[in-house]
Amino acid sequence: VQLQASGGGLVQAGGSLRLSCAASGRTFNRYVMGWFRQVPGKEREFVAAINQSDGNTGYADSVKGRFTISRDNAKNTVHLQMNSLRPEDTAVYYCAASRYMVVFERFYDYWGQGTQVTVSS
């Protein structure tokens, strides 16, 4: 599975962005899809995940109620709708694919290249 993330940019605090991740291959619907983010000098952290078919989702506490993950298996895409953005959401955001519904990055086998999100105060 090859992943291509897009949709990052510069936004003011309180604004919104929608990240997208396009996947190649016919096995997209076999994978849990997740979003992680990383700030320079810090470890990559889990943001959200969605399972293969029934739409079950999980979120980091820091983004609950503000971010929404969704997927379209027919289009091999996953999205992260980010609302009420805060300066502390500034990071490079990565999409990733896993066989398991987990928050630990070591269980994610495939990664996109990352897209920068910058939230100004």
* Asked: In terms of hydrophobic clustering (I, L, V, M, F, W, Y; side-chain heavy atoms under 4.5 Å; direct or indirect links), are V119 and L17 co-clustered?
  -> yes
* To do: Heavy atoms only: give me the nearest F46-G58 pair and the separation to one decimal.
  => CZ-O, 3.7 Å
* **Closest non-hydrogen atom pair, A13 against P87** => CB-CD, 4.1 Å
* For Y93, the option from Q116, M82, R44 that meets side chain to side chain contact (heavy atoms under 4.5 Å, CB included) -> M82
* Do you know the tightest heavy-atom contact between R99 and D109? -> CG-OD2, 4.1 Å
* Shared hydrophobic cluster for V92 and M33 (ILVMFWY, side-chain gaps under 4.5 Å) -> no
* Please find out if less than 6.0 Å separates the ring center of Y108 from that of F36. => yes
* Asked: Are W111 and V103 co-members of a hydrophobic cluster defined by side-chain heavy atoms under 4.5 Å apart?
  -> yes
* Is there a donor-acceptor pair closer than 3.5 Å between any side-chain N or O of T118 and the backbone N or O of T90? -> no
* To do: Write down the atom of V39, the atom of A91, and the distance for their closest heavy-atom approach.
  => CG2-CB, 3.9 Å
* To do: Look at the side chain of N76 and the backbone N and O of G25, then say whether any donor-acceptor pair between them is shorter than 3.5 Å.
  => yes
* Asked: Any ion pair linking R86 and D89 (charged N to carboxylate O, less than 4.0 Å)?
  -> no
* Asked: Taking atom CG of L3 and atom CD of Q113, what is their separation to the nearest 0.5 Å?
  -> 9.0 Å
* To do: Could you walk me through whether S6 and T115 pass side chain to side chain contact (heavy atoms under 4.5 Å, CB included), step by step?
  => CA-CA 6 Å; S6 62; T115 184; 5.5 Å; no
* Hey, what do you get for OG (S120) to CG (L85), rounding to the nearest 0.5 Å? -> 10.0 Å
* Structure fact -> Output for pair (C95 SG, H79 NE2), nearest 0.5 Å, gives 11.0 Å
* **Connected via hydrophobic side-chain network under 4.5 Å: V63 and V117** => yes
* Enter the distance from F67:CZ to L19:CG here, rounded to the nearest 0.5 Å. => 8.0 Å
* Asked: Is R37 positioned over the aromatic face of Y94, cation under 6.0 angstrom from the ring centre and no more than 45 degrees off axis?
  -> no
* Asked: With distance as the sole test, does S84 use its side chain to make a donor-acceptor pair with the main-chain N or O of R66 at under 3.5 Å?
  -> no
* Given C21 and W35, is the side chain to side chain contact (heavy atoms under 4.5 Å, CB included) satisfied, shown in steps? -> CA-CA 9 Å; C21 179; W35 286 96; 3.7 Å; yes
* Structure fact -> Taken to the nearest 0.5 Å, the spacing of N56 CG from N51 CG works out to 5.0 Å
* Asked: What's the shortest heavy-atom distance between F28 and T77, and which atoms?
  -> CZ-O, 3.6 Å
* **Chi angles and distances behind the side chain to side chain contact (heavy atoms under 4.5 Å, CB included) call for E45, E105** => CA-CA 8 Å; E45 65 172 0; E105 65 171 292; over 6 Å; no
* So V32 and Q52, side chain to side chain contact (heavy atoms under 4.5 Å, CB included) or not? Walk me through it. -> CA-CA 5 Å; V32 169; Q52 292 90 330; 3.4 Å; yes
* Measure the spacing between OG of S70 and CZ of R18 and express it to the nearest 0.5 Å. => 6.0 Å
* Decide whether Y110 and I69 are clustered together by the hydrophobic rule: side chain heavy atoms of Ile, Leu, Val, Met, Phe, Trp, Tyr closer than 4.5 Å, transitively. => yes
